[in-house]
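Read the structure below first, then the notes.
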Amino acid sequence: MDEAPMGVEAGIGANGAPDIEIPFAQERGGARFWIGVVSASHVQRGVRGGFAQLCHGKAAPLRRMRAGDWLVYYSPRTEMGSGEPLQAFTAIGRVADDQVYEYAMSETFVPLRRNISYIPCKQARIADLLDRLNLTRGKRNWGYLFRTGHFEIDREDFRTIAEAMLAIVRQEA
């Protein structure tokens, strides 16, 4: 692993997997944890560019997050619309600042974005986590919530997902 984003310590654990220290405590009452639902190809654009763009560029989901919060991307498909089914968590990162900004992708499409410090990770299939997550456990129609495109999750679910994606996640002492 090369270099971890600012505020995140990373190394190689005893089992050869990434060993990442995720600081949860924040001065203003604690980090919040979010899921964004985006196709895997769009997630990769965001990871490469260090940004998040949610709900087709809408402002509201981006403004709900604050600097220091965590965002996990869930990708139902590889491509928007007609891509292959994926149903996996595909990226994880920390909101870098409180700036929400416009980015002109064309003359007619100017979505809003937010800076995110992404962490190297692997994909984690949601099917392997359904019985371990508070947001899905025992819910036959668990996918309904994901249709909203962006929602908050609890710390326990975030840690479960992060551990599946990063192998080891420890809380700061």
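- Partners of A60 under the side chain to side chain contact (heavy atoms under 4.5 Å, CB included) rule, at least two apart in sequence or in another chain, are R64.
- A donor-acceptor pair is defined here as one N or O able to donate and one able to accept, closer than 3.5 Å; no such pair exists between the side chain of S39 and the backbone of E79.
- W34 is listed as a side-chain neighbour of D69, based on a closest heavy-atom distance under 4.5 Å.
- Between K58 and H150 there is no side-chain heavy-atom pair separated by less than 4.5 Å.
- Considering only heavy atoms from C-beta on, W70 stays 4.5 Å or farther from I35 through its side chain.
- Follow the hydrophobic side-chain contacts under 4.5 Å out from V37 and you reach I92 in the same cluster.
- Looking at M165 and T160, their side chains never come closer than 4.5 Å, going by heavy atoms from C-beta outward.
- Within 6.0 Å of CE on M80 lie no more than 12 heavy atoms contributed by other residues, nucleotides or ligands.
- The OG1 atom of T136 sits 10.0 Å away from the CG atom of L145 when rounded to the nearest 0.5 Å.
- With sequence neighbours excluded, the residues that form a side chain to side chain contact (heavy atoms under 4.5 Å, CB included) with V100 are L62, R63, L112, R114.
- Taking hydrophobic clusters as Ile, Leu, Val, Met, Phe, Trp and Tyr residues chained together by side-chain heavy-atom distances below 4.5 Å, Y74 shares a cluster with I161.
- We find the OG-CG distance between S117 and D97 to be 8.5 Å, quoted to the nearest 0.5 Å.
- The cationic atom of R113 (NZ for Lys, CZ for Arg) does not lie both less than 6.0 Å from the six-membered ring centre of Y101 and within 45° of the ring axis.
- When side chains are defined from C-beta on, F109 does not count as touching Y103, because their heavy atoms never get closer than 4.5 Å.
- For the residue pair V47 and A91, the shortest heavy atom distance occurs at CG2-CB, 3.8 Å.
- Sequence neighbours left out, not one pair with a member in residues 139-150 passes salt bridge (charged side-chain N to carboxylate O under 4.0 Å, His left out).
- The backbone N or O of R77 sits nowhere less than 3.5 Å from a side-chain atom of S75 that would complete a donor-acceptor pair.
- For the pair R137 (side chain) and R132 (backbone), a donor-acceptor distance under 3.5 Å is present.
- Residues Q123 and L86 are in side-chain contact: their nearest non-hydrogen atoms beyond the backbone lie under 4.5 Å apart.
- T90 pairs with exactly one of V38, T78, V72, V43 by the side chain to side chain contact (heavy atoms under 4.5 Å, CB included) rule, that one being V43.
- The two residues G57 and P111 make their nearest non-hydrogen contact at CA-CB, 3.5 Å.
- Shown are F146, F33, Y144; of these, the ring-ring contact (aromatic ring centres under 6.0 Å, His included) with F151 is made only by F146.
- Between E156 and R159 the shortest side-chain heavy-atom distance does not fall below 4.5 Å.
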